[in-house]
Amino acid sequence: MAISEETEQFQGLASAIQKAKDLNGQVLFSHIKKINCNNPLSFYQAGRERYAGERFFWEDPAKDITITGLGNVKKLQAASNADRYREVEMSWIKLQNAAVKTGVTDVEATGPLLFGGFSFDYETNSTLLWNQFGDNLFYIPAFMLSLVGEQAYLTTNLLCSPDDSEKLFIDMINERESFLIESLNGTELRANTLVKQKEVKPKEWKQTVAEAVEEIKTTDLDKIVLARELRLVFERSIDSEKVLEQLIAEQPLSYIFSLEAGGDCFVGATPERLIKKQGNEVFSTCLAGSMGRGKTEEEDACLGNELLHDQKNLQEHQYVVSMISNAFEAVCEKVIVPTEPKLMKNRHIQHLYTPVRGICNEGVTIFEFVENLHPTPAMGGLPKEEAVARIREIEGLERGFYAGPLGWVDAYGNGEFAVGIRSALLQDNEASLFAGCGVVEDSTPESEFQETGIKFNPMLSALGGNLNE
Ligand SMILES: C=C(O[C@H]1C=CC=C(C(=O)O)[C@@H]1O)C(=O)O
Ligand SMILES: [Mg+2]
């Protein structure tokens, strides 16, 4: 480390500890520097032993920003109620107000950053499946590698208390940094070997879809998203690194994410952005309406064309466009929404896709967008409250973080949240995969079953399972 940088870091730490004394509380200190590392997965892997259970990974489809976090200096978990978004935001703002930063302090997605997510529904109590995650879970990592464009940055965070010593901190940081940098070469990743694959209650699920269609025809419920689960058992404990490596290679148009909690890991490749905020520019994605991919180029184009003109899928999609556009209109001075959907083609599935852009009013935060948008009718249904209440009653599944908002926010209020679909919960040598579909009046249980089958494929492929046709 250059002497001047070390001096700056030392002085910053001293001032953070002094602040902690003055406030008689904890003060977040962050040091940010450029490093040479173009393989974020090797950084994730380097933290495997020391930071097991406290790692995260995030890569956006444009590969503008890749963030890998190891360890946590603070875990934020709000109470499970409608205020959870504001509560997390307030705790974050409070930490920011006293924070001290040194090094490169003007690059988004570096420095102090909060990463994590919210469960789909705060009114569902978590069972054993999701108990490590609770209703919401956010980390401020101890070490974070941010790849912003071509440049990598290493952020080291510390939470200083009044009695802490700069000297001890510096020694500790140096030891940990060298350990990480030395471990960056990585070892060959081990393939996960599947021993069992089982659909959870397929007959019951189809029956539930049939009943939901009847309800949509006879009540004011317009749409409900119903999900189902697939259970996988492996020979040994599943390596999330291997899963991430596969997802990165196979799903280039999706957000690749993982979030560890205790021994469990929520991992996925979601194509669906909930909200991105960069200054006062905001972006969301309406993604609903699905079709498989063709085996030949002609067949694929034909299926795509069918999807673009299919009334059932267009209706499913339009509900999402209207809801997101309205939510944007309420807090934006300008909103741009294309009039027709396009196709988004991923390896196993194609979707109707409408991007929404806006310039938001002064002071509207990313957490407010998350709160207003979640769940969109692509994850919940319409009307929103009724659909969520019915999902709670009839779905027979604990969604946990599946279909919930997951992402990051930095100290400048910039950030991005995607929805945690095309995902799996890894628990030792078992995995639960989740997939849902928008049920509308023209849905049939069989075709929705097939559609959800295809939606399992991104995770099945990454995990080495048997793909659905
Ligand atoms: C809820 C899921 O997909 C949503 C996103 C895109 C298309 C959807 C559909 O066509 O039904 C779903 O609304 C899922 O993959 O679990
Ligand atoms: Mg659908």
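Counting starts at 1 for both ligands and their atoms, following the listed order.
Among the atoms of A378, some N or O lies under 3.5 angstrom from an N or O of ligand 1. Below 3.5 Å of separation, one finds no N or O of K223 facing any N or O of ligand 1. Close N/O approach between G289 and ligand 1 is found [any backbone or side-chain N/O within under 3.5 Å]. Checking only distances, E451 does come within under 3.5 Å of ligand 1, N or O to N or O. Close N/O approach between V225 and ligand 1 is not found [any backbone or side-chain N/O within under 3.5 Å]. Residue H351 has no nitrogen or oxygen atom sitting less than 3.5 Å from a nitrogen or oxygen atom of ligand 1, judged on distance alone. Between G436 and ligand 1, at least one pair of N/O atoms sits closer than 3.5 Å.
Less than 4.0 angstrom separates some heavy atom of E272 from each of these atoms of ligand 1: 5 (C), 6 (C). Each of the atoms 16 (O) of ligand 1 lies under 4.0 Å from some heavy atom of A435. Atoms of ligand 1 found under 4.0 Å from any heavy atom of L287, numbered from 1 in the order shown, are 5 (C), 6 (C), 7 (C). For ligand 1, the atoms closer than 4.0 angstrom to any heavy atom of Y402 are 1 (C), 2 (C), 14 (C), 16 (O). Against a heavy-atom cut-off of under 4.0 Å, C437 is close to the following atoms of ligand 1: 11 (O). Atoms of ligand 1 found under 4.0 Å from any heavy atom of S290, numbered from 1 in the order shown, are 7 (C), 8 (C), 9 (C), 10 (O).
Aromatic ring centroids of Y85 and F367 lie 6.0 Å or more apart. Between F456 and H348, a ring centre-to-centre spacing not shorter than 6.0 Å is recorded. For an aromatic pair to be called close, the ring centres must be under 6.0 Å apart, and W408 with F417 fails this. Ring-centre distance between F266 and F257: below the 6.0 Å cut-off. F283 has its ring centre no less than 6.0 Å from the ring centre of F369. Side-chain rings of F115 and Y139 stay apart, their centers remaining 6.0 Å or farther from each other.
Side chain to side chain, T270 and R422 fail the donor-acceptor criterion of an N or O pair below 3.5 Å. D264 and Q132 are not linked by any side-chain donor-acceptor pair at a separation below 3.5 angstrom, with hydrogens and angles left out of the test. Judged by distance alone, the side chains of T285 and E272 never bring a donor and an acceptor atom under 3.5 Å apart. Between T365 and E89, the side chains place a donor N or O and an acceptor N or O closer than 3.5 Å (distance only, hydrogens not considered). A donor and an acceptor atom, one from each side chain of E54 and N72, are located under 3.5 Å apart. Between the side chains of Q315 and Y319, at least one donor N or O sits under 3.5 Å from an acceptor N or O.
Using a 4.0 Å heavy-atom cutoff, A403 is absent from the residues neighbouring ligand 1.
Here the closest non-hydrogen pair linking S119 and G134 is CB-O, 4.4 Å.
Ranking the protein heavy atoms by distance from atom 3 (O) of ligand 1 puts R422 NH2, 3.2 Å first.
For the Mg ion (ligand 2), the set of protein N/O/S atoms nearer than 2.8 Å consists of E316 OE2, E451 OE2, ordered by chain and number.
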